[in-house]
Protein chains: 2
Amino acid sequence: MAATMTDVARLANVSVSTVSYVLTGARPISGATRERVLAAIAELGYSPNAMARGLASRRSTLLGLLLPLGEDGVGATVSAFVNGAASAASAAGYHLTLNPVGADDAAPLRELASRRLLAGAALMAVRLDDPRVDVLRELGVPYVLIGRTRDTTGVSFVDIDFDTTMADAVEHLVRLGHRRVVYVNHSQDALAAGDGPTVRTAEAFARAMRVHGLEPVMVAVDAGAAHGRIAVEEALARDPGVTAFVSMNESATFGILAGLADRGLRVPQDVSVVSVVMAPAVAELARPALTAMESPGAALGRLAVEALVDQLDRTDRRDEDKDKEVHQQLLPCTLRVRGTSGPVRS
Amino acid sequence: MAATMTDVARLANVSVSTVSYVLTGARPISGATRERVLAAIAELGYSPNAMARGLASRRSTLLGLLLPLGEDGVGATVSAFVNGAASAASAAGYHLTLNPVGADDAAPLRELASRRLLAGAALMAVRLDDPRVDVLRELGVPYVLIGRTRDTTGVSFVDIDFDTTMADAVEHLVRLGHRRVVYVNHSQDALAAGDGPTVRTAEAFARAMRVHGLEPVMVAVDAGAAHGRIAVEEALARDPGVTAFVSMNESATFGILAGLADRGLRVPQDVSVVSVVMAPAVAELARPALTAMESPGAALGRLAVEALVDQLDRTDRRDEDKDKEVHQQLLPCTLRVRGTSGPVRS
DNA sequence: GCGCTTCGTCGAAACGCTTCGATGATGACG
DNA sequence: CGTCATCATCGAAGCGTTTCGACGAAGCGC
């Protein structure tokens, strides 16, 4: 049915290896022959069989995006990463596969990786101690983290610069006169599991507050608008004089706004709210629109894939630059002031 | 490095074909031999090379999810589809690849499909006349639509039942006494391009209104909260007496609430708003929480992939049931009343 | 106990490509 | 004008599976 390389070779009056060389450029081919081959390819509408190519070259064009997938779907912020990754992969001639593998059970990943289907992998939702990383290293699958483990020596990653992000968020509030700020983090479970962003923002917030001589207060709640309201109650219980909230918990942030409104607290006149690591489009949905540390979004995913592809090319060429060169990059979120932050009430 | 089937065969003292039969079940193997082979497999930590398998069996475990990917990322509602699809694929032993191919240029798809990397494809964001469908049919790649073309004879698809959904939404409002309802649809561009949901909801809304003897008024705006405000202005210009909005435009819906508030119109006392085809989690973010026709979300993606896998299995077995049996399924959204709909003001 | 099917297993031929060593043809050089 | 690289191309050997035909060994009826 579909044309094979043999068909092309026959039509162009060359051997199959010549066709292969024209396609891959692995050896020089004269202009005339190349033309003839390309013409034959065009005439037959030929394109190489990916499986055969993969088998023979023991190289695949598949990049795995490894991430836990709950039934509820990922938020807009995460979906931006995925997006950027898919686009970048596509642009580099690779294909991105979505692999639901969580950090809890490494067995499926071991399976997946040893089937040699993937040329490389990008890990999302990385924990401080992530068993998946060990599996990948052990099986020799090139990988890049979106996020990072506790120990990052020799590991390529792209992550958000939580320290800078938190420092900027707190700084913004402090400048407005706020001194009693509560941080609404992801769930207690995420914290206990060692989820990177959860743990890092907790620490970064504490540091940022102490820099200004302030006491950090943190509340951890599950996702969902309802839990945002709970966060407000808990925060007020812990510190009735709180004047500002910082939140990374996307859906809860909306609940915080609702909870404050319910209590008759106006935003930003009575209380300020700053969302961290949020996609601009999401921040715009709130009323008032949320002042936010906007996440680098698609760029993160794109950079991760580009780093991965780079690494693959390097191993392929195996040239002078030692191929164990790691790519480590932190991207800060950028402050975008909208309607939920203002001077502390006097 | 990695163990091959030959290694397993040697260790188990059988031929490679026997190992293959144990793995694929293509031929019966005695219990004793099977045990021996499985033991060898376990000992070597063997798992079959996906490429070699794919080449020899001309079957792949990759399902392509074909969808246009803007840099801005997909909304939570779409991401739920993707999610469901990825999970279902994974559960069925397949892998989902994310392929950014829009309906505008079919060339990349032709490339992709003729490389025989994909066992099948699921198309998202289907237009009434979608060139991608022709490409897939022509190249003989099994496919399922998430959405549907104008003519659906012989085509498998899973889609939202826009007729029922709109009828229910309008019915809900009419029962509350509303008679002047405006539908806020996706952009004029989407409408002109023949985007399925955009066109179908437009028609369904008109039908639903006429059933009640009401005049359908529709406004088409781009995505984004800002455009929701524009929609409100435009709606009031078209009919100053409007008492209710129906909207499918996710981000604009939030803008509608903002726009109404700006004008001093209270929701739901003065004006009602019903969102259609929206994920519950998103509806909860609004204040008040949105009355919505909730989209089947992950189920849609899951069903599509299951239908596709079914079709693949059937072509494989090529048994009595004619393998051109199509799967066509419409899922309605379900009404969930929250805080944005109420009796018409008297 | 003779032919017969049935069952479990084997060997070898694909599958469609990449890659390596080899081979003529070509041109440079002394 | 013979010698040696150099260059473009060829042929063949894989890559790790699946799958098909074949073939002994049992098991069956008579």
Side-chain angles (χ1 to χ4, degrees), chain A residues 1-38 40-41 44-62 93 114-119 315-318, chain B residues 1-38 40-41 44-62 93 114-119 315-318:
Chain A
M1 172 73 219
T4 78
M5 216 152 138
T6 312
D7 300 327
V8 174
R10 193 177 310 128
L11 183 56
N13 251 307
V14 295
S15 72
V16 288
S17 48
T18 301
V19 177
S20 174
Y21 292 134
V22 168
L23 251 28
T24 63
R27 283 192 188 182
I29 293 291
S30 74
T33 315
R34 167 184 280 94
E35 289 312 317
R36 214 146 23 91
V37 170
L38 291 178
I41 288 177
L44 295 174
Y46 165 81
S47 58
N49 179 305
M51 295 287 179
R53 179 176 281 209
L55 176 58
S57 66
R58 58 215 99 245
R59 219 175 288 134
S60 115
T61 63
L62 293 171
S114 56
R115 281 184 133 75
R116 305 276 118 180
L117 187 59
L118 269 36
T315 351
D316 261 12
R317 297 200 317 275
R318 193 167 293 299
Chain B
M1 171 74 221
T4 77
M5 219 154 132
T6 312
D7 300 327
V8 174
R10 192 178 311 128
L11 183 57
N13 252 307
V14 295
S15 72
V16 288
S17 48
T18 301
V19 177
S20 173
Y21 292 135
V22 167
L23 251 27
T24 64
R27 283 192 187 179
I29 293 292
S30 74
T33 315
R34 167 187 279 90
E35 290 312 317
R36 214 144 25 91
V37 170
L38 291 178
I41 288 178
L44 295 174
Y46 166 82
S47 58
N49 179 304
M51 295 287 183
R53 181 176 279 214
L55 176 58
S57 65
R58 63 213 99 249
R59 218 175 288 133
S60 116
T61 64
L62 293 171
S114 55
R115 280 182 134 73
R116 306 275 119 182
L117 187 58
L118 269 37
T315 354
D316 262 12
R317 297 199 318 273
R318 194 168 292 297

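Throughout, protein chains are lettered first and strands after them, A, B, ... in sequence-line order, and every chain is numbered starting at 1.
Side-chain proximity of L55(B) to the nucleotides dG16(D), dG11(D), dT18(D) is greatest for dG16(D). When each of dC10(C), dC17(C), dT18(D) is scored by its nearest atom to the side-chain atoms of S15(B), the top-ranked nucleotide is dC10(C). Of the candidates dC10(C), dG16(D), dT18(C), the closest approach to any side-chain atom of N49(B) belongs to dG16(D).
Distance CG/N49(B) to CG/L117(A): 9.0 Å, rounded to 0.5 Å. Expressed to the nearest 0.5 Å, how far OG of S47(B) lies from CZ of R53(B) amounts to 9.5 Å. Note: S30(A) OG to R36(A) CZ = 7.5 Å, rounded to the nearest 0.5 Å.
Not a single salt bridge (charged side-chain N to carboxylate O under 4.0 Å, His left out) links R27(B) to another residue, sequence neighbours left out. Applying the side chain to side chain contact (heavy atoms under 4.5 Å, CB included) rule to L44(A) yields the partners A3(A), D7(A), V8(A), L11(A), Y46(A); only residues at least two apart in sequence or on another chain are considered. When the side chain to side chain contact (heavy atoms under 4.5 Å, CB included) test is applied to R58(B), no partner is found at least two apart in sequence or on another chain. In terms of the side chain to side chain contact (heavy atoms under 4.5 Å, CB included) criterion, residue partners of V22(B) (sequence neighbours excluded) are, by chain and number, I29(B), R34(B), V37(B), L38(B).
Against DNA chain D, the stretch residues 17-32 of chain B makes heavy-atom approaches under 4.0 Å through S17(B), S20(B), Y21(B), T24(B), R27(B).
To the nearest angstrom, P of dC15(C) lies 15 Å from CE of M5(A). If you take CZ of R10(A) and C1' of dG16(C), they are 13 Å apart, rounded to a whole angstrom. Between the P atom of dC17(C) and the CG atom of L117(B) lies a distance of 13 Å, rounded to the nearest Å. Regarding R53(B), its CZ atom lies at a distance of 13 Å from the C1' atom of dT19(D), rounded to whole Å. Counting to the nearest Å, the C1' atom of dC17(C) and the CZ atom of R116(B) are 16 Å from each other. Here dT17(D) presents its P atom at 14 Å from CE of M51(A), a figure rounded to the nearest Å. Regarding D7(B), its CG atom lies at a distance of 9 Å from the P atom of dT17(D), rounded to whole Å.
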Tabulated below should be each protein N or O lying under 3.5 Å from an N or O of nucleotides 25-28 of chain C; please produce it.
none

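If you find the closest nucleotide of DNA chain D to R58(B) and to A56(A), the one lying nearer the 5' end belongs to A56(A).
Heavy atoms of R59(A) sit under 4.0 angstrom from primed sugar atoms or phosphate atoms, though from no base atom.
Of all heavy-atom pairs spanning M51(B) and R116(A), the tightest one is CG-O, 4.3 Å.
A donor-acceptor contact closer than 3.5 angstrom is absent between the side chains of S17(A) and S20(A).
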